[in-house]
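Report on the structure given below.
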There are 2 protein chains.
Amino acid sequence: MSMDLTFLGTGSAYPSPHRGASAVVLRAEGECWLFDCGEGTQTQLMKSQLKAGKITKVFISHLHGDHLFGLPGLLCTVSLNCSPTQPPHCVDIFGPVGLRHFLRVALELSGSQLLFPYAVHELEHTADQCPAEGLLSPAVTQSSESLHPQERQGRTICLDEKSECYLLFEEKQFTVKAFRLFHRIPSFGFCVQEHDRPGRLNTQLLKELGLKPGPLYGQLKNGKTITLENGRVVKPSEALELDIPGRKVCILGDCSSLLGEGGQVACRGADILVHEATLADGHRERAVEHGHSTPSMAAAVARSCKVSRLVLYHFSQRYKPASLQKDTEEDDVLELLRQAEDGLRGTATEVVLAEDFLTLTIPIKRPEN
Amino acid sequence: MSMDLTFLGTGSAYPSPHRGASAVVLRAEGECWLFDCGEGTQTQLMKSQLKAGKITKVFISHLHGDHLFGLPGLLCTVSLNCSPTQPPHCVDIFGPVGLRHFLRVALELSGSQLLFPYAVHELEHTADQCPAEGLLSPAVTQSSESLHPQERQGRTICLDEKSECYLLFEEKQFTVKAFRLFHRIPSFGFCVQEHDRPGRLNTQLLKELGLKPGPLYGQLKNGKTITLENGRVVKPSEALELDIPGRKVCILGDCSSLLGEGGQVACRGADILVHEATLADGHRERAVEHGHSTPSMAAAVARSCKVSRLVLYHFSQRYKPASLQKDTEEDDVLELLRQAEDGLRGTATEVVLAEDFLTLTIPIKRPEN
Ligand SMILES: [Zn+2]
Ligand SMILES: [Zn+2]
Ligand SMILES: [Zn+2]
Ligand SMILES: [Zn+2]
């Protein structure tokens with residue numbers, strides 16, 4: 001199964017003509033999952049090769065406008081382009097407490113009727129995810145109104161105290177968890193873990209044993225031991241190659257650090273860690289003051305979690321895309337790359353600078369010996 | 001004083017890479033007034049020659065997302081670019097009932113602190129402005145919460161039954177009114193009327209009378225009769241050229257028609273009437289069903305109001321800008337121009353198709369003889 005990640009916006013604070021506001025799409029088997037939805041995401045989607053109508057799940061890391069304000073418009077436009085013949089699926093939306101109220105008010109006041117149902121599943125933050133002034137009072141986040149006509153009741157997801165993670169859902173191919181970050185307001189990271197899959201059948205061996213393709217192949221693949229007509233017993237372990245390990249993609253919202261052990265565990269060994277790097281290391285103090293990270297801070301996370309690839313994004317708009325960079329400009333996005341690479345010297349971790357419309361493929365992993 | 005109108009978005013329903021969502025800026029003496037603020041308006045502003053920080057007033061015609069969803073982000077970005085040395089002015093925002101609640105919820109939940117105060121002045125609609133299902137219940141539009149920290153108490157503006165207009169404000173140079181439109185939800189048009197100004201002094205005559213430039217010139221200009229040393233009485237009427245009539249710009253939100261006499265009177269003799277034309281005349285039934293207009297419908301308004309220029313905008317995204325139009329495409333925006341021109345045959349009204357980033361200058365008028 002192919003998996004890829006497309007960056008629709010890589011700028012911080014607001015969308016600009018050079019960098020859209022935060023939005024990343026993870027695509028697997030044609031289904032698209034959207035991570036954050038800053039203003040203008042729907043237009044960036046139209047400029048990309050992706051189709052808005054394929055979005056089945058949305059994950060909002062935190063409620064800052066540059067990650068959120070594109071969501072009502074995106075849902076409206078997806079609805080306009082809905083095929084009336086296709087049965088509508090429910091769009092599941094995950095995000096911080098308050099997201100449900102925001103979306104309800106935006107859709108209701110704008111008189112927006114969607115052609116598909118949606119549900120907002122809220123993650124309960126802990127009080128230590130941000131300075132006290134970043135916490136909203138329940139009076140602001142709670143909706144007293146009834147559900148929007150197209151809204152289905154969403155869940156409230158609490159932190160699992162033991163793993164320090166939020167289990168968002170588990171489905172056939174993926175388990176998705178969230179974990180806590182420290183930022184100016186409660187912010188979350190998301191971990192998409194593909195399940196391990198059984199290895200391929202050793203057809204060469206099976207042919208030598210005289211077994212032809214058929215139902216017995218399927219039984220072996222499903223982990224059953226079989227007995228041939230001649231009495232020979234064949235175990236899956238001898239007929240199957242090693243398990244193919246599932247891939248892991250972790251996408252973090254704005255943060256100056258992970259909070260607790262949840263993120264450390266969730267990101268361990270990730271194939272891709274998408275981490276913000278708003279400002280260069282020279283502005284570290286200012287970055288942290290605003291709840292943000294620098295490249296060496298992102299690199300430290302990548303190093304301790306032993307990830308394969310660290311992707312930096314959410315750059316201050318002062319950093320133009322490398323293709324537009326002029327020699328005369330002081331702020332050079334390539335400096336961010338160098339700083340992260342410095343922080344990862346001696347490791348096998350590759351660093352990538354995200355740009356709007358960059359697509360990264362996440363290759364199928366080889367069985368581990 | 002120079003006055004011009006810049007179109008930041010001319011598309012209907014949603015922003016696309018070819019046409020932004022609705023947003024028009026009226027600029028006079030460096031101050032900018034924004035009419036509607038669809039998603040992506042702040043990015044369109046950055047692409048234009050205009051400065052977001054110059055926006056002092058915002059007018060929202062109706063609460064559909066393609067006219068509204070860019071507003072919270074725009075305010076946040078204006079704030080980010082605020083000069084901390086300049087004393088902040090209050091941004092006045094005018095729009096339908098419910099706008100105050102929308103903005104408050106969006107700013108509060110996103111933790112947005114503005115560096116300037118703002119006030120939302122709500123226009124009370126009448127029940128006949130839309131089908132019954134387009135009216136929001138007070139439970140949805142009313143804010144029970146307290147003001148946002150940067151929010152100043154706004155007014156509620158009622159329809160003046162006699163003139164069928166809403167008086168938004170009167171200032172030194174302009175009077176701004178609103179009037180009712182018929183659409184799927186309550187929608188409004190805005191009329192910016194520049195005040196007439198006294199004509200220039202006939203300096204030739206004054207010199208002949210032996211009067212040199214000085215305070216007496218100012219008295220004449222201010223409408224006072226003066227007496228020269230030789231006893232000659234000079235009336236303003238003989239010393240001043242004719243009054244320079246004020247310009248009038250009318251910008252209408254989405255509509256399938258004006259409602260009542262307010263709009264007819266407000267738009268009479270306008271220098272520019274900005275009117276939507278979502279679909280071509282061939283789709284008239286569908287346009288009206290969705291509360292929209294076609295070019296001949298817009299032309300009929302322009303004709304009955306005897307306006308100088310009719311500017312069409314809010315085109316369905318099926319109509320590409322003329323510059324991107326391919327011969328093979330069925331939908332041709334120039335068809336919309338021809339249909340409006342047909343509807344205005346025999347009049348002096350000029351028709352203009354708006355495109356994103358088009359700027360129209362509104363020349364100073366000549367005194368009327
Ligand atoms: Zn951000
Ligand atoms: Zn943030
Ligand atoms: Zn519209
Ligand atoms: Zn509308």
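In what follows, chains are A, B, ... by sequence order, proteins preceding strands, each numbered from 1.
The candidate from A:Gly65, A:Gly73, A:Cys76 with the greatest count of non-hydrogen atom pairs under 4.5 Å with chain B is A:Gly73. The candidate from A:Gly70, A:Pro96, A:Gly134 with the greatest count of non-hydrogen atom pairs under 4.5 Å with chain B is A:Gly70. Considering only heavy-atom pairs separated by less than 4.5 Å from chain B, the leading option among A:Gly20, A:Ala13, A:Ala106 is A:Ala106. In terms of non-hydrogen atom pairs under 4.5 Å with chain B, the most contact-rich of A:Gly40, A:Pro17, A:Gly98 is A:Pro17.
With sequence neighbours left out, B:Asp356 forms a side chain to side chain contact (heavy atoms under 4.5 Å, CB included) with B:Thr10, B:Arg19, B:Gln44. The side chain to side chain contact (heavy atoms under 4.5 Å, CB included) test applied to A:Ala287 returns A:Leu279, A:His292, A:Thr294, not counting sequence neighbours.
Relative ring orientation between A:Tyr118 and A:His148 is described as tilted, the plane-to-plane angle lying within the 30° to 60° band.
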List the steps, then state whether side chain to side chain contact (heavy atoms under 4.5 Å, CB included) holds for B:Ile251 with B:Tyr313.
CA-CA 10 Å; B:Ile251 302 173; B:Tyr313 79 145; 4.1 Å; yes
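For a residue to count as touching a neighbouring chain, one of its non-hydrogen atoms must lie under 4.5 Å from one of that chain's; by this rule A:Ser16 touches chain B with backbone and side chain alike. Contact annotation for B:Leu80: only side-chain heavy atoms (C-beta onward) come within less than 4.5 Å of a heavy atom of chain A. In this structure, chain A has heavy atoms under 4.5 Å from both the backbone and the side chain of B:Thr141. Proximity to chain A is absent for every atom of B:Ser137, based on heavy atoms less than 4.5 angstrom apart.
Rounded to the nearest 0.5 Å, atoms CG (B:Asp254) and SG (B:Cys130) are 13.0 Å apart.
Applying the ring-ring contact (aromatic ring centres under 6.0 Å, His included) test between A:His64 and each of A:His290, A:His183, A:His314 identifies A:His183 as the sole match.
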